[in-house]
Amino acid sequence: TKRVCPPLPMGTYRQRERMVRPLADAVGYRAADMLTPYPPGVPLLVPGETITSAHVDAFLYLTNKGAVCHGIIDVDEATFPVIQAGSCIS
């Protein structure tokens with residue numbers, strides 16, 4: 001079954017411990033920062049949002065088409081900051 005995570009208030013997620021993970025391995029965690037591919041320049045993830053496989057698929061599609069993703073820590077490894085404590089991992 002799919003586990004749904006309740007939204008986190010902004011102050012709550014900022015108090016959580018952060019870590020960096022490859023985006024493909026971050027499904028179920030919450031985003032610690034924005035992930036914005038350009039083009040189109042519309043955020044794919046916002047802080048506190050639960051990362052899904054659809055986010056990863058969209059990221060891979062857009063980067064394969066030449067988009068640059070602001071928010072990625074290491075471009076070669078496609079690492080992204082996530083919230084460690086209180087993440088929603090099934």
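Just so you know, these numbers come straight off a predicted model, no measurement behind them. Each residue takes its place number in the sequence, starting with 1.
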Which atoms form the tightest heavy-atom contact between Leu35 and Cys69, and what is the distance?
-> CD1-CB, 3.9 Å

Write down the atom of Arg18, the atom of Pro81, and the distance for their closest heavy-atom approach.
-> NH2-CB, 3.7 Å

How many angstroms lie between atom OG1 of Thr63 and atom CD1 of Ile72, to the nearest 0.5 angstrom?
-> 8.5 Å

Please identify each residue that fulfils side chain to side chain contact (heavy atoms under 4.5 Å, CB included) with Asp76, with sequence neighbours left out.
-> Asp74

Tell me, do [X] and [Y] make a side-chain contact under 4.5 Å, heavy atoms counted?
{"X": "Met34", "Y": "Pro43", "result": "yes"}
{"X": "Leu44", "Y": "Thr36", "result": "no"}
{"X": "Pro37", "Y": "Val68", "result": "no"}

Could you state whether [X] and [Y] fall into the same hydrophobic cluster, counting links through intermediate Ile, Leu, Val, Met, Phe, Trp or Tyr residues with side-chain heavy atoms under 4.5 angstrom apart?
{"X": "Tyr38", "Y": "Leu62", "value": "no"}
{"X": "Val82", "Y": "Leu60", "value": "yes"}
{"X": "Val27", "Y": "Met19", "value": "yes"}

From the list Asn64, Ile51, Leu23, side chain to side chain contact (heavy atoms under 4.5 Å, CB included) with Phe59 holds only for Leu23

Test side chain to side chain contact (heavy atoms under 4.5 Å, CB included) applied to Phe80 and Val56, Asp25, Leu45, the passing residue | Leu45

